[in-house]
Protein chains: 2
Amino acid sequence: MSKVVGVAAEATTYRDSSGRTLADYPRPSVAVDTALLTVTEDRLSVLLTLTEDAARGGKAEWRLPGTFIHEGETLAGAVLRSLRDKAGVEGLAPRQLHVFDDPSRDDRGWVLGVAHLDVVRADRLPESDRTRLIPISELPPLKYDHASIVEFAVAALRADYRRMPDAAGLLEPPFTLRALRHLHEAVLGERLLPDTFRRSMTPMLIPTGELSRDGRGRPAELYRPRAPGAV
Amino acid sequence: MSKVVGVAAEATTYRDSSGRTLADYPRPSVAVDTALLTVTEDRLSVLLTLTEDAARGGKAEWRLPGTFIHEGETLAGAVLRSLRDKAGVEGLAPRQLHVFDDPSRDDRGWVLGVAHLDVVRADRLPESDRTRLIPISELPPLKYDHASIVEFAVAALRADYRRMPDAAGLLEPPFTLRALRHLHEAVLGERLLPDTFRRSMTPMLIPTGELSRDGRGRPAELYRPRAPGAV
DNA sequence: CGAATAGTGTCTGTGAGACAATATTTA
DNA sequence: TAAATATTGTCTCACAGACACTATTCG
């Protein structure tokens, strides 16, 4: 039998009931693609990059940052690596969304795509001519099934924000209820009543006693998120 | 470079910016494992199988049915194949739950495990000496991370049943509210008040006008599930 | 003082939980 | 008729939405 390159060494030790090893069966390439969401100028936005094809004379197309998973690496590790390499962002917490498995979804071959969501404050995203922050209400056509990934990601993030204050940590504590409400309005894409919002959020916030003196009117109290599960 | 066997043919056509093809990078094996849930004797149960190791003198261990994905096959296709081959069940609707990606989770090598949930009526599950239906409250130790998969699956199914009547179609319509309530009690693992349950479910049910004459007391009306999204 | 913003009082409607009453059948 | 089950009435509580009012600051 021909020699097999580029596969896990340990995979050659195990033999199944037919005497075959894992390496004797075809394996898919596995990619991770990440919808990196953030809020800029009160709008929920996603980080897009230009395809490499553009650099080689092909048509420029927008896509989500992604990469193929390496041996010995977790999916989250691959996501962090791709975000570092393609967007220059560090230290995030990727969340797995869905595996896209249509055998013909990638014209390069048999590729499973594991969609991820990650969230980061916009000020930690460096500007670049290969990447851009686009409001999710103004998405251009995306390559592969990346538009579906953005849909999954937005739905997941909105569910989080309906459940608790600043689930993704986009706000630096302590913050005012006004700032928190503006953030939620951006994420959810709808206006919220200040009094209803306050009453629904205060059980999950700890008042600091300090006041914010930013705006014109009466100073607002500053809050910190309460540890989830606490009374 | 050495010849590569057992990989997608098309994968050799595409070359990336470094001139490499997909086949030049190591790829993981991808397995699907399925928690096949059902209700027997008013208890939520899962289908377990004995590991092949047992047949070859190894220690007998319980696991979920699973298989490696084949080329050109979808994940759902692999799940259906594994359930047909290992449990003799046909015609289900697998639902993707989560990818388990710990590089050391499988001692045979680098294997990603895509956990799935599927649901079927117990009477369609043939008896076998290699498979068993075990109530989820009495699970034995499971191989790999299969105990986590069962947890994911149970949580997903319970969320479905909290949302709508018989989300998985375990009941043959038309059915009485009593039968539906017993089913929900089995899935959720808790008692439900008959009147509260009725009022929460009737908006999603269509009364047939027919009556059931099974039990002793006043006959119960028979209902069919309303198409989701309808008024 | 007046504008602006923060925060509270309170009314209303909705829906879940709970208990009680009524309805219809079989033994 | 008595027991069993189905179905409805209704009370209470909690909470979201909505509007109005009070509180505190800056210019």
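Atoms considered below: every heavy atom in the structure, side chains included; atoms not considered: hydrogens, waters and symmetry mates. Because the structure is a prediction, the values reported are computed rather than measured. The sequence lines fix the lettering, A, B, ..., with proteins before strands; numbering per chain opens at 1.
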* For B:Arg213 and C:dA27, what is the distance between atoms CZ and C1' respectively, to the nearest whole Å? -> 16 Å
Under 3.5 Å, which donor-acceptor pairs do the side chains of residues 204-218 of chain A form with other protein atoms, sequence neighbours left out?
from: A:Thr208; atom 1: OG1; to: A:Glu210; atom 2: N; distance (Å): 3.1
from: A:Thr208; atom 1: OG1; to: A:Leu222; atom 2: O; distance (Å): 2.8
from: A:Ser212; atom 1: OG; to: A:Asp214; atom 2: N; distance (Å): 3.4

* Asked: What is the distance, rounded to the nearest whole Å, between atom CZ of B:Arg191 and atom P of C:dA18?
  -> 13 Å
* Not counting sequence neighbours, list each pair that qualifies as a salt bridge (charged side-chain N to carboxylate O under 4.0 Å, His left out) and has a residue in residues 34-46 of chain B. => B:Arg43-B:Glu138
* Rounded to the nearest Å, what distance is computed from the CG atom of residue A:Leu192 to the C1' atom of nucleotide D:dA18? -> 14 Å
* Asked: Got a sec, which pairs hit side-chain hydrogen bond (donor to acceptor under 3.5 Å, both in side chains) with one end in residues 169-181 of chain A, sequence neighbours left out?
  -> A:Arg121-A:Glu172
* **Counterpart residues, side-chain contact (heavy atoms from CB on, under 4.5 Å), relative to B:Ala115 (two or more places apart)** => B:Leu97, B:Phe100, B:Ile149
* In whole angstroms, how far is the P atom of D:dG27 from the CG atom of A:Asp214? -> 12 Å
* Which letters describe nucleotides 6-14 of chain D, given B = protein heavy atom under 4.0 Å from base, S = only from sugar-phosphate, - = neither? -> BSBBB----
* Where the side chain of B:Arg63 meets the backbone of B:Asp33, is there a donor-acceptor pair that is under 3.5 Å apart? -> no
* Can you sort out the partners of A:His184 under side chain to side chain donor-acceptor pair (under 3.5 Å), two or more places apart, ordered by chain and number? => none
* To do: Grab the CZ-P distance between A:Phe197 and C:dA6 for me, whole Å please.
  => 12 Å
* For the pair made of CZ in B:Arg162 and P in C:dA16, what is the distance, rounded to whole Å? -> 14 Å
* **Atom pair distance, as rounded to whole Å: CE in A:Met201 and C1' in C:dA6** => 18 Å
